[in-house]
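In what follows, residues are counted from 1 in the order of the sequence shown. A quick note: this is a predicted structure, and the numbers were derived from the prediction, not measured.
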Amino acid sequence: MNVRTDAVASPHATSAEAPKAGASSGTAFGILLAISASHLLNDLIQALVPSIYPILKDSYALDFGQIGLITLVWQLTASILQPIVGTVTDRHPQPFSLPIGMVST
């Protein structure tokens, strides 16, 4: 019985023998910096509304229930819109939508 071993890939092949599909030449620090800056801006915006609660309470004579409703509406809006926007951008990628959104906000 003749068995051809040259047509069968060896299970002990080294990584140097395997082709590197999609290999990059290095870390994309520009992209990492842009993502980090966008995330920082997003966190700053998220922290802005709670930080002005005392000003809103005094200026508009709000009680704590009304302040809670502001938070509820704000968080529900984000919770509903984020999956919708995520689905749309997954289907129709727009690479510049993140920086444009952060700048416009």
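Heavy atoms only, all atoms of each residue included: Lys57 and Phe64 are closest at CE-CZ, 3.5 Å. Annotation for Pro83 and Ala78: closest pair CD-O, 4.4 Å, computed over non-hydrogen atoms. Across every non-hydrogen atom of Val73 and Thr77, the tightest pair is O-OG1, 2.7 Å. The shortest non-hydrogen separation linking Pro54 to Ser51 is CD-O, 3.7 Å.
The hydrophobic cluster containing Tyr60 also contains Trp74, counting ILVMFWY residues as joined when their side-chain heavy atoms lie under 4.5 angstrom apart, directly or transitively. Leu44 and Val49 are assigned to two separate hydrophobic clusters, defined by single-linkage of ILVMFWY side chains at heavy-atom distances under 4.5 Å. In the hydrophobic clustering of this structure, Leu62 groups with Ile52; members are Ile, Leu, Val, Met, Phe, Trp, Tyr whose side-chain heavy atoms approach within less than 4.5 Å, directly or through other members.
In this structure, Ser38 OG and Asp43 CG are separated by 11.0 Å, a value rounded to the nearest 0.5 Å. Atoms NE2 and OG1, from His92 and Thr87 in turn, are 10.5 Å apart once rounded to the nearest 0.5 Å. Rounded to the nearest 0.5 angstrom, Leu40 CG and Ile35 CD1 are separated by 14.0 Å. In this structure, CG on Asn42 lies 5.0 Å from CD on Gln46, to the nearest 0.5 angstrom. Here the OH atom belonging to Tyr53 is positioned 2.0 Å from the OG1 atom belonging to Thr71, to the nearest 0.5 angstrom.
Within a 6.0 Å radius of CD1 in Ile31, other residues, nucleotides and ligands contribute 12 heavy atoms or fewer.
No donor-acceptor pair closer than 3.5 Å links the side chain of Ser59 to the backbone N or O of Leu56. Remark: the backbone N or O of Asp63 is paired with a side-chain donor or acceptor of Gln66 at under 3.5 angstrom.
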